[in-house]
Number of protein chains: 2
Amino acid sequence: MPPLSIVSPPHWKAFSSRRRDPATKREAVLQTAAELFLEKSYTRTSMNDVAERLNITKPALYHYFQNKEEILLECYRWGSRLIGEILNEISAHCGSGLEKVEAFIYAYANVMTVNFGRCVMRLDEGDLSPTALVEVRGYKRKIDRRLRAFVQEGIADGSIGACDPKLAAFAIAGALNWICIWYEPEGPLSPEQIAAQFAHTLTQGLAARHRRGALWAGVRNNSKPGGLS
Amino acid sequence: MPPLSIVSPPHWKAFSSRRRDPATKREAVLQTAAELFLEKSYTRTSMNDVAERLNITKPALYHYFQNKEEILLECYRWGSRLIGEILNEISAHCGSGLEKVEAFIYAYANVMTVNFGRCVMRLDEGDLSPTALVEVRGYKRKIDRRLRAFVQEGIADGSIGACDPKLAAFAIAGALNWICIWYEPEGPLSPEQIAAQFAHTLTQGLAARHRRGALWAGVRNNSKPGGLS
DNA sequence: CTGATATCTTACCCGCAAGTAAGTTATTCG
DNA sequence: CGAATAACTTACTTGCGGGTAAGATATCAG
């Protein structure tokens with residue numbers, strides 16, 4: 001069940017009538033704002049820009065949000081919730097640490113191609129006020145910690161080779177977060193393609209697997225690569 | 001021989017005398033600007049901020065640069081040159097495709113911890129004028145293409161497993177570029193630590209592996225971490 | 001139908017930062 | 001030394017964008 005908003009009608013229609021429906025209008029503002037923030041960045045997006053795309057005037061926006069930053073913060077919250085849900089599902093349904101990491105890569109790569117997901121990692125933290133920054137940093141740290149925990153789990157159960165979990169998590173997160181920089185919805189690469197190869201490359205590495213006999217075979221672990229793809 | 005600027009005296013001393021020395025003064029401006037751009041972002045850095053840190057006044061800056069954007073563009077140029085040199089060395093001195101990729105990861109991770117290197121990937125392209133954007137995009141595309149060529153080379157010579165070189169390059173570049181987001185010069189992780197594990201994780205993958213022959217035994221020795229830090 | 005209220009607009013204020021004009025001070029070279 | 005000019009400052013203009021005041025208009029409950 002995808003959240004309703006993703007299937008919802010074009011947001012600018014929300015303001016075609018003056019009917020009293022604050023909830024959907026507020027969300028319409030949020031959606032258009034997120035779009036613009038991703039197109040032009042938060043700073044270069046003026047409140048006028050947002051209003052214009054919704055066919056209303058700037059002051060009208062202040063009926064739904066106290067100020068510009070509240071819109072930004074709400075984008076972060078929405079996106080963080082998305083990512084959090086992904087992590088929950090994986091924690092519940094997956095097996096070995098490596099499988100969890102792989103499932104995470106796959107799911108996360110997909111979120112990075114969706115509005116609010118992209119916001120979390122693409123928008124500039126520096127635009128936040130100190131208190132809001134603390135909140136957002138909290139969300140991000142939580143995500144990082146949970147990913148890191150998957151890696152540690154994998155090291156413990158033998159599915160992942162010895163390494164510094166912190167750095168491993170950074171490498172994975174980096175490759176994934178960068179998606180939201182270069183990804184274009186109309187481009188040649190589908191989210192699924194990206195997700196699939198990333199899941200494979202990051203877990204298995206670039207190096208060709210050689211048919212050479214395994215010195216340590218059976219000694220150390222018996223994990224099966226290729227849990228999902 | 002590392003570039004002089006990196007070892008040069010604190011840039012604010014350049015303006016302590018009014019002696020006529022445009023070259024070093026111009027570079028001092030560039031260095032401080034780069035620092036500030038990385039600390040606060042380009043947009044949030046005012047010309048006054050730059051001037052203040054150099055103990056001069058804003059209009060003085062306009063003796064060395066036509067406008068704010070020219071400073072930004074120069075940062076991009078400087079950083080791109082650094083990265084280009086790395087790529088040249090690797091092209092010249094390394095063996096298999098995989099070795100080149102690994103050497104690249106190692107060297108590039110180091111550049112991402114250095115002022116001008118960070119600028120190239122951390123600063124926001126959106127702050128550039130259309131013509132400048134074209135130029136910078138050119139630099140970036142060139143870097144991407146050369147990395148991609150290494151990967152293709154590796155696939156051809158059998159050192160890298162079958163995959164889409166474009167996506168592989170994106171994954172590597174993402175992990176590396178993200179460094180300049182989270183890296184803190186005073187933090188617990190040294191550039192070398194980061195570089196070393198990234199080179200290993202990205203080429204060999206996370207998954208625990210049965211030990212093979214010494215494919216990568218000598219690689220770290222002939223990649224050259226010198227000349228950067 | 002009618003007042004009460006939510007919704008939205010027009011017109012404005014204010015502060016900030018890029019950039020400039022014009023004058024002042026130091027350096028350098030003949 | 002003493003012009004010529006580079007280097008720098010003070011004081012200003014300009015435009016833009018966030019936010020608000022106050023009024024106009026539509027919606028809804030009774």
Side-chain angles (χ1 to χ4, degrees), chain A residues 11-30 32-33 36-37 39-75 123-124 126-132, chain B residues 11-30 32-33 36-37 39-75 123-124 126-132:
Chain A
H11 352 300
W12 50 270
K13 283 218 167 173
F15 287 87
S16 53
S17 129
R18 275 177 78 165
R19 219 179 75 250
R20 298 181 185 177
D21 186 357
T24 62
K25 291 192 177 182
R26 197 182 136 103
E27 190 185 316
V29 171
L30 208 60
T32 21
L36 283 162
F37 293 168
E39 289 171 18
K40 308 204 301 178
S41 90
Y42 175 75
T43 319
R44 278 183 293 275
T45 301
S46 75
M47 290 297 262
N48 260 321
D49 293 335
V50 180
E52 200 174 336
R53 189 168 287 194
L54 289 163
N55 283 314
I56 54 177
T57 57
K58 177 174 61 167
L61 296 173
Y62 289 86
H63 279 258
Y64 302 95
F65 294 90
Q66 286 193 353
N67 51 39
K68 197 184 176 189
E69 190 191 11
E70 195 184 311
I71 302 182
L72 179 58
L73 186 53
E74 208 59 46
C75 288
L123 301 186
D124 185 355
D127 291 323
L128 293 164
S129 68
T131 65
Chain B
H11 351 299
W12 51 270
K13 283 216 167 171
F15 287 86
S16 53
S17 129
R18 276 177 77 163
R19 219 180 73 253
R20 300 183 185 178
D21 186 358
T24 63
K25 292 193 177 184
R26 196 183 137 102
E27 191 184 316
V29 172
L30 207 60
T32 18
L36 283 162
F37 293 168
E39 289 171 18
K40 308 204 305 177
S41 90
Y42 175 75
T43 319
R44 278 183 294 273
T45 301
S46 74
M47 291 297 264
N48 260 319
D49 293 335
V50 180
E52 199 174 336
R53 190 169 286 194
L54 290 164
N55 283 315
I56 54 177
T57 57
K58 178 175 58 169
L61 296 174
Y62 289 87
H63 279 257
Y64 303 95
F65 293 90
Q66 285 193 354
N67 50 40
K68 198 184 173 189
E69 190 191 11
E70 195 184 311
I71 302 182
L72 178 60
L73 186 52
E74 210 57 46
C75 289
L123 301 186
D124 186 354
D127 290 324
L128 294 164
S129 69
T131 65

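Side chains are part of it too, since the values below use all heavy atoms of this structure and drop only hydrogens, waters and symmetry mates.
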Trainee: Considering only dT10(D), dA6(D), dT7(C), which nucleotide approaches the side chain of Pro59(B) most closely?
Mentor: dT10(D)

Trainee: Within this structure, what is the CZ-to-P distance between Arg19(A) and dC28(D), rounded to whole angstrom?
Mentor: 7 Å

Trainee: How many Å lie between CZ on Arg20(B) and P on dT25(C), as a whole number?
Mentor: 16 Å

Trainee: Whole Å only: how far is the CD atom of Gln66(B) from the C1' atom of dA18(C)?
Mentor: 14 Å

Trainee: Phe15(A) has an atom CZ; how far is it from atom P of dT27(D), in whole Å?
Mentor: 14 Å

Trainee: Tell me the interatomic distance from Glu69(A), atom CD, to dG19(D), atom C1', rounded to whole angstroms.
Mentor: 14 Å

Trainee: What's the closest nucleotide to the side chain of Ala60(B) if the choices are dT9(D), dT9(C), dA7(D)?
Mentor: dT9(D)

Trainee: Are OP1 or OP2 of dA18(C) and a side-chain N or O of Tyr62(B) less than 4.0 angstrom apart?
Mentor: no

Trainee: Phe65(B) near the nucleic acid: base, sugar-phosphate alone, or nothing, with a heavy-atom cut-off under 4.0 Å?
Mentor: nothing

Trainee: Can you check the Asp49(B) CG to dG19(C) C1' distance for me, whole Å?
Mentor: 16 Å

Trainee: Please assess Arg44(A) against Asp124(B) for the test side chain to side chain contact (heavy atoms under 4.5 Å, CB included), listing each intermediate value before the final yes or no.
Mentor: CA-CA 11 Å; Arg44(A) 278 183 293 275; Asp124(B) 186 354; 2.7 Å; yes

Trainee: Under 4.0 Å, heavy atoms only, any strand: does Thr45(B) hit a base, just the sugar-phosphate, or nothing?
Mentor: sugar-phosphate

Trainee: Under 3.5 Å, is there a donor-acceptor pair between the side chain of Ser41(A) and the main chain of Phe37(A)?
Mentor: no

Trainee: Nearest to the Arg18(B) side chain among dG18(D), dC28(D), dC8(D), which nucleotide is it?
Mentor: dC8(D)

Trainee: Counting heavy atoms from C-beta on, name the nucleotide in dG18(D), dA26(C), dT7(C) closest to the side chain of Lys68(A).
Mentor: dG18(D)

Trainee: Among the candidates dC28(D), dT5(D), dT9(C), find the nucleotide nearest to the side-chain atoms of Thr57(A).
Mentor: dT9(C)

Trainee: Check whether any side-chain N or O of Lys58(B) sits under 3.5 Å from a backbone N or O of Ser46(B) as a donor-acceptor pair, and report yes or no.
Mentor: no

Trainee: Taking atom P of dT20(D) as reference, at what distance in whole Å does atom CG of Asn48(A) sit?
Mentor: 15 Å

Trainee: For the side chain of Met47(A), starting at C-beta, report the closest nucleotide among dG18(D), dT7(C), dC8(D).
Mentor: dG18(D)

Trainee: Would you mind classifying the nucleic acid contact of Lys58(A) as base, sugar-phosphate or nothing, using non-hydrogen atoms under 4.0 angstrom?
Mentor: base

Trainee: Output the rounded distance in Å from CG (Asn67(A)) to C1' (dG18(D)).
Mentor: 9 Å

Trainee: Can you tell me if Ser46(B) touches the phosphate of dA17(C), counting only side-chain N or O atoms and a distance under 4.0 Å to OP1 or OP2?
Mentor: no

Trainee: Within the distance-only criterion (no hydrogens, no angle test), does the side chain of Lys25(B) pair as donor or acceptor with the backbone N or O of Arg19(B) below 3.5 angstrom?
Mentor: yes

Trainee: Give a yes or no answer on whether the side chain of Glu74(A) reaches the backbone of Leu30(A) with a donor-acceptor pair at less than 3.5 Å.
Mentor: no

